[in-house]
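Just dropping this structure here.
Bear in mind the structure is a predicted one, so any value in this text is a computation, not a measurement.
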Amino acid sequence: MRSALKRAVSRAGRGMRGIRWYVRELTDESAYDRHVSHLRKDDPDTPVPSRREFERWRTDRQERDPRQGFRCC
């Protein structure tokens, strides 16, 4: 009985992690994590911007380049 409960909890946890991953990818919330990972891999001495600086840079880039996506607001 206990092992069945543990398996059910484990499956539920995997399912929730999968849903979290999907939502983060769908909303592009994971872009900052990918950017930091890229910076650390390619040049570990490069200073890592704060999340706020990264979002400002990304928003500015999107507004300058119409190919980056439509921004209505």
So which atom in Pro49 and which in Leu39 form the shortest heavy-atom distance, rounded to 0.1 Å?
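What the structure gives for the nearest pair is CD-CD1, 3.7 Å.
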Kindly indicate whether a cation-pi arrangement holds for Arg17 with Trp21, taking the cut-offs as under 6.0 Å to the six-membered ring centre and within 45° of the axis.
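No cation-pi geometry.
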For Glu53 against Ser50, the heavy-atom pair lying closest together:
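Heavy-atom minimum between the residues: OE1-N, 2.8 Å.
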When you measure from the side chain of Thr59 to the backbone of Glu55, do you find a donor-acceptor pair of N or O atoms at a distance under 3.5 Å?
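Side chain of Thr59 to backbone of Glu55, a donor-acceptor pair under 3.5 Å: yes, one is there.
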Point-to-point distance, once rounded to the nearest 0.5 Å, from NE2 of His38 to CG of Asp43:
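His38 NE2 to Asp43 CG: 9.5 Å, rounded to 0.5 Å.
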Below 4.5 Å, heavy atoms only, C-beta onward: do Arg20 and Met16 meet side chain to side chain?
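No - every pair of side-chain heavy atoms lies 4.5 Å or more apart.
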Salt bridge or not between Asp28 and Arg34? Use side-chain N to carboxylate O under 4.0 Å.
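Between Arg34 and Asp28 there is a salt bridge, with a charged N closer than 4.0 Å to a carboxylate O.
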What do the steps show when you test Asp33 against Arg24 for side-chain contact (heavy atoms from CB on, under 4.5 Å), and what is the final call?
CA-CA 10 Å; Asp33 297 332; Arg24 283 176 45 88; 2.2 Å; yes
Could you tell me whether the side chain of Ser10 and the main chain of Lys6 form a donor-acceptor pair under 3.5 Å?
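No, the answer is negative, given that no donor and acceptor are paired below the 3.5 Å cut-off.
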Is the shortest side-chain N to carboxylate O distance from Asp60 to Arg56 below 4.0 Å?
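Between Arg56 and Asp60 there is a salt bridge, with a charged N closer than 4.0 Å to a carboxylate O.
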Hydrophobic clusters here meaning ILVMFWY residues chained together by side-chain heavy-atom distances under 4.5 Å, can you tell me if Val23 and Tyr32 are in one?
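Val23 does not cluster with Tyr32.
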